[in-house]
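Notes follow once the structure below has been shown.
Just so you know, residue 1 is the first one in the sequence shown, and it goes up from there.
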Amino acid sequence: MRRFSSDLDLTGGAPVRARPSIGEWGPDQVPTTAQKKRLRIWVSIALVAATTAIGVLMYVFYKLRLLNSRRLTASGSGDRRQVLEAEQL
(Lines give C-alpha, C1' and ligand atoms only; values in the text may rest on other atoms or scores of the structure.)
Protein backbone atom coordinates (compact mmCIF):
# COMPACT_ATOMS: atom_id res chain seq x y z
CA MET A 1 0.00 0.00 0.00
CA ARG A 2 1.30 3.46 -0.89
CA ARG A 3 2.06 5.79 1.93
CA PHE A 4 1.24 9.47 1.94
CA SER A 5 4.26 11.68 1.57
CA SER A 6 4.71 15.02 3.27
CA ASP A 7 7.55 15.98 0.93
CA LEU A 8 6.67 19.39 -0.54
CA ASP A 9 9.29 19.19 -3.28
CA LEU A 10 6.81 18.97 -6.16
CA THR A 11 9.47 19.26 -8.85
CA GLY A 12 10.95 15.91 -7.89
CA GLY A 13 13.31 14.62 -10.52
CA ALA A 14 12.25 17.10 -13.21
CA PRO A 15 15.09 18.74 -15.13
CA VAL A 16 15.99 22.28 -14.06
CA ARG A 17 14.83 23.77 -17.38
CA ALA A 18 11.33 22.30 -16.84
CA ARG A 19 10.89 23.64 -13.31
CA PRO A 20 9.01 26.90 -12.72
CA SER A 21 11.02 29.72 -11.21
CA ILE A 22 10.39 29.93 -7.49
CA GLY A 23 9.45 33.28 -5.99
CA GLU A 24 9.12 34.32 -2.37
CA TRP A 25 5.67 32.71 -1.90
CA GLY A 26 5.76 29.97 -4.51
CA PRO A 27 6.19 29.42 -8.25
CA ASP A 28 6.26 32.52 -10.49
CA GLN A 29 4.32 32.79 -13.75
CA VAL A 30 2.15 29.76 -12.99
CA PRO A 31 -1.59 30.31 -13.64
CA THR A 32 -3.80 30.33 -10.59
CA THR A 33 -6.74 27.99 -10.14
CA ALA A 34 -9.16 30.88 -10.81
CA GLN A 35 -7.39 31.70 -14.08
CA LYS A 36 -7.58 28.06 -15.16
CA LYS A 37 -11.27 27.95 -14.27
CA ARG A 38 -11.99 31.10 -16.30
CA LEU A 39 -10.07 29.66 -19.26
CA ARG A 40 -12.09 26.42 -19.10
CA ILE A 41 -15.31 28.48 -19.21
CA TRP A 42 -14.07 30.57 -22.17
CA VAL A 43 -13.02 27.46 -24.07
CA SER A 44 -16.44 25.89 -23.47
CA ILE A 45 -18.19 29.04 -24.70
CA ALA A 46 -15.93 29.19 -27.77
CA LEU A 47 -16.61 25.54 -28.56
CA VAL A 48 -20.39 26.02 -28.36
CA ALA A 49 -20.17 29.21 -30.46
CA ALA A 50 -18.03 27.52 -33.12
CA THR A 51 -20.34 24.51 -33.28
CA THR A 52 -23.38 26.78 -33.58
CA ALA A 53 -21.73 28.85 -36.32
CA ILE A 54 -20.86 25.74 -38.31
CA GLY A 55 -24.42 24.44 -37.93
CA VAL A 56 -25.90 27.75 -39.09
CA LEU A 57 -23.57 27.88 -42.08
CA MET A 58 -24.46 24.32 -43.03
CA TYR A 59 -28.17 25.21 -42.86
CA VAL A 60 -27.71 28.36 -44.96
CA PHE A 61 -25.70 26.56 -47.64
CA TYR A 62 -28.22 23.71 -47.68
CA LYS A 63 -31.10 26.15 -48.19
CA LEU A 64 -29.18 27.99 -50.93
CA ARG A 65 -28.40 24.74 -52.71
CA LEU A 66 -32.02 23.58 -52.36
CA LEU A 67 -33.29 26.90 -53.73
CA ASN A 68 -30.82 26.80 -56.58
CA SER A 69 -31.74 23.23 -57.52
CA ARG A 70 -35.46 24.09 -57.47
CA ARG A 71 -34.82 27.14 -59.63
CA LEU A 72 -32.85 25.08 -62.15
CA THR A 73 -35.50 22.37 -62.20
CA ALA A 74 -38.31 24.88 -62.63
CA SER A 75 -36.52 26.88 -65.31
CA GLY A 76 -35.80 23.72 -67.28
CA SER A 77 -39.52 22.98 -67.70
CA GLY A 78 -40.20 26.37 -69.28
CA ASP A 79 -43.09 27.14 -66.92
CA ARG A 80 -42.71 30.71 -65.60
CA ARG A 81 -45.06 30.08 -62.66
CA GLN A 82 -42.83 27.34 -61.24
CA VAL A 83 -39.82 29.64 -61.40
CA LEU A 84 -41.65 32.32 -59.42
CA GLU A 85 -42.81 29.78 -56.83
CA ALA A 86 -39.25 28.49 -56.39
CA GLU A 87 -37.98 32.05 -55.84
CA GLN A 88 -40.55 32.67 -53.11
CA LEU A 89 -39.17 29.79 -51.02
Side-chain angles (χ1 to χ4, degrees):
M1 183 168 153
R2 292 182 70 176
R3 301 193 69 125
F4 290 109
S5 173
S6 61
D7 184 14
L8 297 178
D9 181 21
L10 299 176
T11 57
V16 176
R17 66 179 180 272
R19 296 180 188 171
S21 58
I22 303 297
E24 185 177 344
W25 291 96
D28 290 337
Q29 299 178 350
V30 175
T32 63
T33 304
Q35 289 172 332
K36 289 187 237 178
K37 188 175 183 178
R38 278 193 300 270
L39 184 61
R40 281 189 211 108
I41 291 170
W42 279 111
V43 168
S44 300
I45 290 170
L47 181 65
V48 169
T51 305
T52 303
I54 290 171
V56 168
L57 282 173
M58 288 172 55
Y59 177 77
V60 167
F61 286 127
Y62 171 75
K63 283 296 191 178
L64 287 174
R65 181 167 167 81
L66 187 64
L67 178 66
N68 193 21
S69 67
R70 286 183 182 171
R71 188 178 297 154
L72 289 175
T73 304
S75 64
S77 66
D79 189 5
R80 181 75 178 149
R81 193 172 108 217
Q82 288 178 345
V83 173
L84 292 175
E85 288 174 0
E87 288 178 353
Q88 289 176 356
L89 296 177

Exercise answer: donor-acceptor pairs, residues 30-58 side-chain atoms, under 3.5 Å, sequence neighbours excluded:
from	atom 1	to	atom 2	distance (Å)
T32	OG1	Q35	N	3.2
Q35	OE1	T32	N	2.9
S44	OG	R40	O	2.9
T51	OG1	L47	O	2.8
T52	OG1	V48	O	2.8

- prompt: L64 versus V60: any side-chain heavy-atom pair under 4.5 Å?
  reply: yes

task: Linking directly or through intermediates, with side-chain heavy atoms under 4.5 Å: list the remaining ILVMFWY members grouped with Y62, chain and number order.
output: L66

